[in-house]
Amino acid sequence: MSLVQTVTLAPGASTGWHYHPGRVDVIVLSGTLTRTLADGTVEVSEAGQTLVEQAGPGFVHVGRNHGDVPVVLVASYDAPDGCPLAVAVPTPQWSG
């Protein structure tokens with residue numbers, strides 16, 4: 001199933017830890033998105049940049065808006081039929 005949707009993170013908001021059953025292609029329309037990956041790597045994407053979130057439980061991450069303006073994303077999901085767009089997971093122990 002393919003689906004495109006706009007996602008908005010208010011200042012201070014978080015997506016919660018999760019993964020996607022299918023690949024997600026993202027365009028950052030405004031704000032600065034900070035993602036922490038399962039291995040502790042931090043990736044920062046600003047307005048005008050794109051990113052890809054790979055599929056599967058090996059690609060757990062959390063997105064956060066540390067800024068003072070909303071982060072607005074356009075996300076194109078390529079999820080397998082019958083699967084959710086995202087699967088919530090517990091916070092990794094190392095992240096405190």
Side-chain angles (χ1 to χ4, degrees):
M1 158 184 71
S2 293
L3 175 73
V4 176
Q5 73 180 54
T6 301
V7 177
T8 302
L9 287 176
S14 165
T15 62
W17 285 92
H18 66 282
Y19 70 88
H20 302 282
R23 175 184 161 126
V24 184
D25 295 289
V26 179
I27 301 169
V28 181
L29 294 182
S30 68
T32 301
L33 176 67
T34 302
R35 293 185 311 138
T36 304
L37 310 182
D39 65 0
T41 301
V42 175
E43 296 183 355
V44 177
S45 302
E46 298 181 356
Q49 295 182 317
T50 61
L51 61 106
V52 174
E53 295 184 339
Q54 297 297 333
F59 297 97
V60 171
H61 59 281
V62 62
R64 293 185 175 100
N65 180 356
H66 294 300
D68 56 3
V69 299
V71 169
V72 179
L73 313 169
V74 173
S76 176
Y77 299 87
D78 186 16
D81 288 341
C83 288
L85 298 178
V87 177
V89 298
T91 302
Q93 290 184 355
W94 59 261
S95 71

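In this structure, R35 CZ and E53 CD are separated by 4.5 Å, a value rounded to the nearest 0.5 Å. Atom CZ of R64 sits about 15.0 Å away from atom OG1 of T32, to the nearest 0.5 Å. Summarising the geometry, atom CD1 belonging to I27 is positioned 10.0 Å from atom OG1 belonging to T6; distances are rounded to the nearest 0.5 Å. The CG atom of D39 lies 12.5 Å from the NE2 atom of H61; values are rounded to the nearest 0.5 Å. For the atom pair R23 CZ and S2 OG, the distance stands at 11.5 Å (nearest 0.5 Å).
Residues V44 and L51 do not share a hydrophobic cluster, clusters being chains of Ile/Leu/Val/Met/Phe/Trp/Tyr side chains in contact below 4.5 Å. No single ILVMFWY cluster, assembled from side-chain heavy atoms under 4.5 Å apart, contains both V69 and V72. When the side chains of ILVMFWY residues are joined at heavy-atom separations under 4.5 Å, either directly or via intervening members, V89 and V62 end up in a single hydrophobic cluster. Cluster annotation: L29 is connected to V4 through the hydrophobic network of ILVMFWY side chains, with a link wherever side-chain heavy atoms come within less than 4.5 Å. Transitive grouping of hydrophobic side chains (ILVMFWY, heavy atoms separated by less than 4.5 Å) brings W17 and V87 into a common cluster.
The two residues Y19 and F59 have their closest heavy-atom pair at CB-O, 4.0 Å. Closest approach of L85 to P21, counting heavy atoms only: O-CD, 3.6 Å. Of all heavy-atom pairs between P11 and G67, the closest is CB-O, 3.3 Å.
Using a distance-only test at 3.5 Å, with no hydrogens or angles considered, no donor-acceptor pair links the side chain of H20 to the main chain of A55.
Partner of L33 under the side chain to side chain contact (heavy atoms under 4.5 Å, CB included) criterion, out of L9, T15, N65, V7: L9 alone.
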The test is side chain to side chain contact (heavy atoms under 4.5 Å, CB included); show your working for V42 and T34 and say whether it passes. CA-CA 7 Å; V42 175; T34 302; 3.6 Å; yes
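Every pair tested for side-chain hydrogen bond (donor to acceptor under 3.5 Å, both in side chains) that includes a residue from residues 74-84 fails, sequence neighbours excluded, so the list is empty.
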